Protein chains: 2
Amino acid sequence: MINYYIQPNDNPELTEERKKCSFDTQKLAALYYGSYEKLKKRREFEEFVKNLPEFQNEKPTVFMDRLERFDVNSKKCVTFFEHFFNEVDTSNPDEASMFYDKFFSYEGSPLSLHFFVFLPNILNSMSGKQQEYWLNLVMEKKIIGTYAQTEMGHGTNLRKLETTATYDKESDSFIINSPTITSTKWWPGNLGKTCNVCIVIAQLYIEGKCYGPHSFMVQIRDFNNHMPLPGISVGDIGPKFAFSSIDNGFIRFNNVKIPREFMFMKYAQVEKGGKYCKPIHEKAAYGSMVFVRSVMILQQAQYLAMACTIATRYSCIRRQGELDDKTREVKVLDYQTQQYRIFPQLARAWAFVCSGKYIIDLYNKVNEDMSSGNVDLLPQLHCLTSGLKAVVSFQAGLGIEQCRMSCGGHGYSHASGLPSIYATQIGGCTYEGENMVMLQQCSRYLMKIAQSVKNKENTLKNDKLFGYYFENYNNSKYKSIQKIFETISHHKTMEVYNQLNKLKESGMSHETAWNSCAVDLCQAAKAHIRVFLSLVYTEFVNKIDDQNLKSVLGLLKELWEKYELMKISSSVLKYSLLTPNEIDKIKIEIYEILKKIRPQAVSIVDSFDFSDRDLVSVLGRRDGNVYENLLKWAQSSELNQFEVLPSHKKYLLPMTNGNIQSKL
Amino acid sequence: MINYYIQPNDNPELTEERKKCSFDTQKLAALYYGSYEKLKKRREFEEFVKNLPEFQNEKPTVFMDRLERFDVNSKKCVTFFEHFFNEVDTSNPDEASMFYDKFFSYEGSPLSLHFFVFLPNILNSMSGKQQEYWLNLVMEKKIIGTYAQTEMGHGTNLRKLETTATYDKESDSFIINSPTITSTKWWPGNLGKTCNVCIVIAQLYIEGKCYGPHSFMVQIRDFNNHMPLPGISVGDIGPKFAFSSIDNGFIRFNNVKIPREFMFMKYAQVEKGGKYCKPIHEKAAYGSMVFVRSVMILQQAQYLAMACTIATRYSCIRRQGELDDKTREVKVLDYQTQQYRIFPQLARAWAFVCSGKYIIDLYNKVNEDMSSGNVDLLPQLHCLTSGLKAVVSFQAGLGIEQCRMSCGGHGYSHASGLPSIYATQIGGCTYEGENMVMLQQCSRYLMKIAQSVKNKENTLKNDKLFGYYFENYNNSKYKSIQKIFETISHHKTMEVYNQLNKLKESGMSHETAWNSCAVDLCQAAKAHIRVFLSLVYTEFVNKIDDQNLKSVLGLLKELWEKYELMKISSSVLKYSLLTPNEIDKIKIEIYEILKKIRPQAVSIVDSFDFSDRDLVSVLGRRDGNVYENLLKWAQSSELNQFEVLPSHKKYLLPMTNGNIQSKL
């Protein structure tokens with residue numbers, strides 16, 4: 001079979017690996033991107049963008065300060081819009097997003113929030129008439145927007161947001177105000193310096209009565225000179241772990257007046273005179289949160305896939321130490337410890353890809369249902385996206401760091417690209433819902449299921465994802481790993497449910513009882529997500545027609561499930577699902593699978609089809625010419641523009657060179 | 001009892017916490033720093049340095065580019081030397097190092113390698129006469145040095161370093177040369193722009209014969225103008241995950257000649273004419289490696305302690321969500337999940353502190369032995385420092401990230417200080433020996449012990465740290481956690497030893513058999529280190545006289561051992577050391593311990609006695625005035641020097657503002 005990534009003048013270490021390929025990399029890449037057409041389109045965009053004059057001799061962003069990053073990215077924004085409408089089928093959001101990705105690195109751009117949060121919010125939460133007005137301004141590129149929800153003092157507990165929007169009957173408008181320091185909006189991307197309008201979430205007040213948080217469109221900067229409008233104080237919140245190219249901002253409102261029509265009115269409405277109309281579906285407002293979390297899964301999977309690509313390729317170039325052959329050092333990927341560090345991450349990356357694809361399909365189905373007024377599946381989707389987001393973002397972070405450390409010292413250099421990938425990805429554990437809170441949102445639904453199980457209701461008995469809760473696990477002894485995962489999840493959920501009820505029956509309030517069980521509730525959520533991952537991974541692999549492809553992804557899936565099993569072997573033993581000997585056997589099998597993956601590893605990561613521009617990594621270069629390019633890369637260090645640093649001349653040289661010869 | 005950190009105008013949220021203190025924070029701080037005198041000296045230095053004119057209105061380093069950092073730090077170097085000899089008892093290395101710490105942040109300075117690696121190497125590996133010559137130059141501040149071992153192509157496998165030092169009989173000198181790209185020295189700190197001399201590790205060649213790696217002193221820059229000397233190409237290797245204030249460098253030698261006497265001659269010697277004299281103790285050369293790893297443990301513990309301090313204090317200021325009282329949101333530290341994230345890290349920080357203190361004492365003892373020619377304990381020390389370095393650096397990293405994430409969004413901002421602490425600390429998993437290699441160095445010694453156990457030799461039977469291997473674990477059922485840890489370690493070591501021998505008996509080479517068992521060998525090393533940590537933690541707590549102190553550290557130790565037990569509950573069940581019910585009981589006990597630690601948490605972290613200058617964290621401020629200072633901190637963002645960014649004016653404004661009014 002064929003690895004299509006072989007080119008002349010590549011490092012022979014990688015060519016040797018690629019020649020071992022047992023499948024068609026084109027087919028695996030098409031599977032990853034969803035279809036051959038999407039893969040092709042993505043490659044066309046890569047070629048198109050790569051050849052634009054603005055993208056020649058790009059300097060890696062790690063060598064730039066923030067102002068320079070903004071200069072480069074703002075220029076790219078203009079170029080982006082010059083070509084966007086010609087090159088992209090704008091009716092296809094996938095295409096638009098692929099085109100965007102090829103312009104901007106994963107660290108973001110002035111348009112990040114505009115495209116991925118601001119625009120979807122207009123589409124999802126404005127009335128038709130409002131949409132027409134604002135979309136027109138978007139299409140004409142008059143406005144760049146963002147979404148301001150989080151405040152300095154409140155992220156998780158949205159009900160306690162402090163920004164107010166008070167209806168003023170006389171002028172038929174809302175007054176937006178920031179009453180305290182902690183009410184300062186804090187974190188919204190692109191808010192600090194880029195946006196001229198912004199969706200503000202504020203407590204709606206009408207005649208002294210609070211109606212809870214609602215969305216309002218607020219112009220924050222003058223369209224002609226981009227200065228903040230009166231009553232508005234806005235700026236950048238300063239450097240973060242990553243996302244230096246994004247001006248996450250703060251904003252304070254000093255009684256800023258906006259027209260009544262600038263409230264988002266698809267769901268709730270305020271009429272002239274102040275009459276408030278409740279939304280029909282309370283839950284519909286969750287929609288956009290659930291959407292972002294759904295999309296996040298594939299994005300998180302991609303960060304991990306990038307790290308795996310870099311680590312795997314470099315591990316076939318790095319030679320260190322000897323095994324049997326004393327005449328040549330071995331490729332470090334031949335060490336069992338190295339395989340054990342990297343391959344389970346690769347297996348997880350694919351697990352997350354499968355679940356990400358699944359959850360987006362599910363979202364689309366639920367969204368369709370919702371437009372016809374059916375919100376039945378929303379709680380399930382909310383449960384899954386919350387739990388999945390937490391598990392995937394956390395494990396992706398661990399995995400990326402393992403990949404980075406597996407590259408030794410060079411992994412610690414920004415030349416590897418890995419520190420930036422980690423620092424960017426790991427934000428996902430916090431944004432869009434802190435992970436501990438997410439796990440508990442997931443388990444909240446699991447407690448409802450447990451209640452049904454107790455009550456012998458079986459409405460969900462045939463549900464693909466939750467139905468297993470209604471089976472009888474007490475007398476059965478399953479040997480399939482899927483069934484083991486299910487048994488453990490079932491027990492963990494039911495145990496914490498019983499504990500929770502016991503505490504409540506002893507007189508504890510629901511809140512305090514919940515808090516006393518919170519760690520176990522999180523464990524139950526993780527156990528259920530493991531069942532879900534296992535299910536969709538298996539289903540995904542089973543559906544593959546091509547036998548070579550099925551065989552290699554099957555190996556990854558087998559590694560994934562056995563690796564996960566080892567992680568929870570304590571529960572496996574606790575519930576007597578396997579004997580210690582059986583577990584030891586599985587451990588040995590894992591080492592055997594690692595050996596089988598070894599010759600395919602480079603071809604598997606090649607098939608993610610990341611370009612060198614995507615990875616921004618000297619270690620992960622497709623051509624494998626690492627060492628000479630490390631030296632070249634280092635030349636760009638800002639310190640290397642001087643043979644002798646000005647600070648050295650000024651301070652250290654006078655200190656050292658009194659009364660001494662030039663040379664010893 | 002008293003918490004001494006209460007001051008007027010503090011955030012009452014923290015004062016309230018501090019008033020609950022059940023012990024004397026002064027005493028705990030003295031325990032942490034080793035004695036009350038050291039604590040006092042440290043505080044004196046803090047006051048002294050804080051009040052120097054150079055340190056007024058310091059700008060946080062995260063707002064500086066690298067050139068600015070070098071400017072600030074170089075200036076500080078001059079100030080440092082102005083005061084060093086007056087303020088510090090230079091015969092006391094602890095004092096010197098404390099004084100240094102108060103000048104420079106943990107991200108390093110131009111003098112980092114000079115003090116902590118270059119100087120110790122002169123003291124440890126040069127002959128007396130050599131020392132006299134070079135120390136004189138050091139004292140006169142004529143030279144700033146570093147240590148160049150790692151090359152682009154070799155870090156772990158030092159025997160394969162490619163730089164050569166060839167003896168030239170005619171001129172009685174060595175020729176230092178870099179024959180390949182991969183032989184380029186890569187990574188040494190301060191090498192790129194700061195140092196004018198450097199210890200180079202190179203393969204010694206005499207008349208065509210290679211004698212392996214040796215150390216050579218090489219002048220690399222002109223003392224008068226600081227330009228690189230002929231034949232030398234040197235520079236910065238570019239940005240890394242952290243340590244932006246250090247110019248990790250590369251250097252290439254094109255046949256650079258140095259006097260024969262510049263070889264380090266304490267152990268091996270080359271006489272005039274080229275006669276080579278072997279060192280008496282081959283192992284003595286390990287000394288400096290073992291020393292650095294010993295010191296690292298306390299340093300790693302300190303990073304984790306810093307993160308715990310920030311997370312614990314901030315968790316008492318942040319209020320989010322409600323429990324029973326609906327009139328006020330609760331401090332997030334009242335959530336079980338938050339306690340479960342932070343307190344085990346605090347317990348680990350103290351475990352690492354105890355082990356760090358222990359290992360330094362052991363190093364000093366071994367070093368003393370060695371100077372009288374006794375190297376018996378060196379293999380044990382090498383085993384312990386290798387394994388401990390791997391376990392501590394990895395767990396500290398996990399812990400810091402848990403602390404960071406527990407601060408929610410604000411933890412992701414550099415305002416928290418946590419991203420820098422993590423990025424700096426996590427380097428410890430890689431430098432001074434990659435962790436997977438370290439674990440295997442540890443288990444190499446464990447395999448020797450296993451051999452003794454098999455052979456029924458019992459030379460180590462009474463050894464405090466390794467003696468437990470010689471007990472009989474097959475028929476005994478221990479219930480103390482220490483004994484459980486020992487039993488598991490014993491079994492893991494013996495099992496992998498047996499597996500290794502089985503493979504070798506089946507005809508496999510030692511190297512291949514080792515590689516097939518490598519993951520299990522790492523597990524065995526970790527299990528032994530757990531025994532060691534448990535032992536020294538218990539010993540440390542038992543030695544405390546003050547009952548209040550003993551009680552609070554005892555709680556941490558109990559949490560640590562039960563938390564560790566849960567992590568390996570699978571092995572506990574496998575070897576039938578406890579029943580599932582007993583394990584579940586311990587889980588519940590952990591939740592109870594968390595509740596007991598809760599009221600003491602702020603006072604415990606206060607007692608690390610970190611100043612606000614040490615922590616560089618808005619979230620971790622002693623006074624707890626977080627929110628107003630977040631806003632103040634953000635003002636320094638480089639983007640905030642412009643109300644409208646130049647890049648916005650240039651690119652985005654022309655794109656958006658055609659033909660539109662100022663305001664909607």
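Chain naming here is simple, since letters A, B, ... match the order of the sequence lines and numbering starts at 1 in each. Remember, it's a predicted structure, so these values are computed and weren't measured experimentally.
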Honestly, the part of B:Pro259 sitting under 4.5 Å from a heavy atom of chain A is neither
Next on the checklist: Under a 4.0 Å threshold between the charged nitrogen and the carboxylate oxygen, would A:Asp71 count as salt-bridged to B:Lys650?
Outcome noted: yes
Scored by heavy-atom pairs under 4.5 Å with chain A, the best of B:Ile583, B:Asn73, B:Thr194 is B:Thr194
On a heavy-atom basis, the closest approach of B:Asp520 and A:Tyr591 is OD1-OH, 2.7 Å
Full working for side-chain contact (heavy atoms from CB on, under 4.5 Å) between B:Cys522 and A:Thr337: CA-CA 9 Å; B:Cys522 292; A:Thr337 47; 3.9 Å; yes
If one checks every heavy atom of B:Gln440 against chain A at 4.5 Å, the contacting part turns out to be side chain
Heavy-atom nearest pair, A:Phe63 first then B:Gly238, reads CE2-CA, 4.5 Å
Beyond-backbone contact of B:Ser637 with A:Arg66, side-chain heavy atoms, under 4.5 angstrom: yes
Review point. Would a 4.5 Å heavy-atom cut-off, applied to side chains only, mark A:Glu140 and B:Thr656 as touching?
Key: no
The interface call for A:Leu137 against chain B, heavy-atom contacts under 4.5 Å, is side chain
Sorted by chain and residue number, the side chain to side chain contact (heavy atoms under 4.5 Å, CB included) partners of B:Ser509 (sequence neighbours excluded) come out as A:Asp324, B:Glu511, B:Thr512
ask   = Salt-bridged, B:Arg318 to A:Glu434, with N to O below 4.0 Å?
value = no
Of B:Ile144, B:Asn225, B:Val519, B:Leu439, the largest count of non-hydrogen pairs under 4.5 angstrom with chain A goes to B:Val519
Taking C-beta and beyond as the side chain, do A:Asn224 and B:Gln661 meet within less than 4.5 Å on heavy atoms? no
Between B:His226 and A:Glu643, does the side-chain hydrogen bond (donor to acceptor under 3.5 Å, both in side chains) criterion hold? Intermediate values first, please. CA-CA 9 Å; B:His226 203 58; A:Glu643 194 62 84; over 6 Å; no
> Is any side-chain heavy atom of A:Leu645 less than 4.5 Å from a side-chain heavy atom of B:Lys193?
Replying inline: yes
When the 4.5 angstrom heavy-atom criterion is applied to B:Thr430 and chain A, the contacting part is side chain
Q. Does the side chain of A:Asp584 reach to within under 4.5 Å of the side chain of B:Lys574, using non-hydrogen atoms?
A. yes
Next item on the list: Please answer whether the main-chain N or O of A:Gln336 pairs with a side-chain N or O of B:Asn515 as donor and acceptor at a distance below 3.5 Å.
Entry: yes
Bottom line for B:Ile258: the part with an atom under 4.5 Å from chain A's heavy atoms is neither
If one checks every heavy atom of A:Lys160 against chain B at 4.5 Å, the contacting part turns out to be side chain
Item to complete: Taking atom NZ of A:Lys75 as the centre, report whether more than 12 heavy atoms of other residues, nucleotides or ligands fall under 6.0 Å from it.
Response: no
Review point. Counting distance only, does the side-chain N/O of A:His410 pair as donor-acceptor with the main-chain N or O of B:Met152 below 3.5 Å?
Key: yes
TODO: Show the numbers, then the answer: is there a side-chain contact (heavy atoms from CB on, under 4.5 Å) between B:Glu329 and A:His154?
DONE: CA-CA 11 Å; B:Glu329 291 186 286; A:His154 285 89; 2.4 Å; yes
When the 4.5 angstrom heavy-atom criterion is applied to B:Ile181 and chain A, the contacting part is side chain
d(A:Ser662 OG, B:Phe223 CZ) to nearest 0.5 Å is 9.0 Å
Are the side chains of A:Trp187 and B:Ser413 in touch, meaning some heavy atoms are under 4.5 Å apart? yes
* Asked: Step by step, would you call A:Ser570 with B:Leu573 a side-chain contact (heavy atoms from CB on, under 4.5 Å)?
  -> CA-CA 7 Å; A:Ser570 164; B:Leu573 289 172; 4.1 Å; yes
Bottom line for B:Glu68: the part with an atom under 4.5 Å from chain A's heavy atoms is neither
Heaviest contributor of heavy-atom pairs below 4.5 Å to chain B, chosen from A:Pro646, A:Ala242, A:Gly411, A:Ala415, is A:Ala242
message = Could you check whether any side-chain N or O of A:Asn640 sits under 3.5 Å from a backbone N or O of B:Asp236, counting only pairs where one atom can act as donor and the other as acceptor?
response = yes
Between A:Gln320 and B:Thr156, the two heavy atoms sitting closest are OE1-N, 3.1 Å
Rounding to 0.5 Å, atoms CZ (A:Phe642) and CG (B:Leu67) come to a distance of 5.5 Å
Honestly, the part of B:Gln219 sitting under 4.5 Å from a heavy atom of chain A is side chain
Turns out that what part of B:Phe250 lies under 4.5 Å from chain A's heavy atoms comes down to side chain
If one checks every heavy atom of B:Trp633 against chain A at 4.5 Å, the contacting part turns out to be side chain
Most contact-rich option vs chain B, by heavy-atom pairs under 4.5 angstrom, among A:Gln641, A:Met405, A:Met508, A:Gln635, is A:Met405
Honestly, the part of A:Cys407 sitting under 4.5 Å from a heavy atom of chain B is neither
### Message
Quick one: does any side-chain atom of A:His414 pair with a main-chain N or O of B:Lys240 as donor and acceptor, under 3.5 Å?
### Response
yes
ask   = Is the closest side-chain heavy-atom distance between A:Ser420 and B:Phe241 below 4.5 Å?
value = no
Distance col, row A:Ser516:OG vs B:Leu323:CG, nearest 0.5 angstrom, shows 9.0 Å
Of the listed B:Arg319, B:Lys587, B:Lys649, B:Gln339, the one with the largest count of heavy-atom pairs under 4.5 Å with chain A is B:Lys587
Using a strict cut-off of less than 4.0 Å between a Lys/Arg side-chain nitrogen and an Asp/Glu carboxylate oxygen, indicate whether A:Arg159 and B:Glu322 qualify as a salt bridge. yes
May I have the step-by-step check of side-chain contact (heavy atoms from CB on, under 4.5 Å) for B:Leu664 and A:Phe262, ending in yes or no?
CA-CA 10 Å; B:Leu664 292 172; A:Phe262 284 14; 4.2 Å; yes
Residues passing the side chain to side chain donor-acceptor pair (under 3.5 Å) test with B:Tyr651, sequence neighbours excluded, are none
Most heavy-atom pairs under 4.5 Å with chain B, out of A:Gly235, A:Cys77, A:Gly427, belong to A:Gly427
Taking the side chain as C-beta and beyond, is there a heavy-atom pair between A:Leu630 and B:Trp186 under 4.5 Å? yes
CD of B:Glu401 to OH of A:Tyr422, rounded to nearest 0.5 Å, is 3.5 Å
Cut-off 4.5 Å, heavy atoms of chain A, and the answer for B:Leu398 is side chain
Next item on the list: Over 60° means perpendicular and under 30° means parallel, so classify the ring planes of A:Phe243 and B:Tyr412, tilted if in between.
Entry: tilted
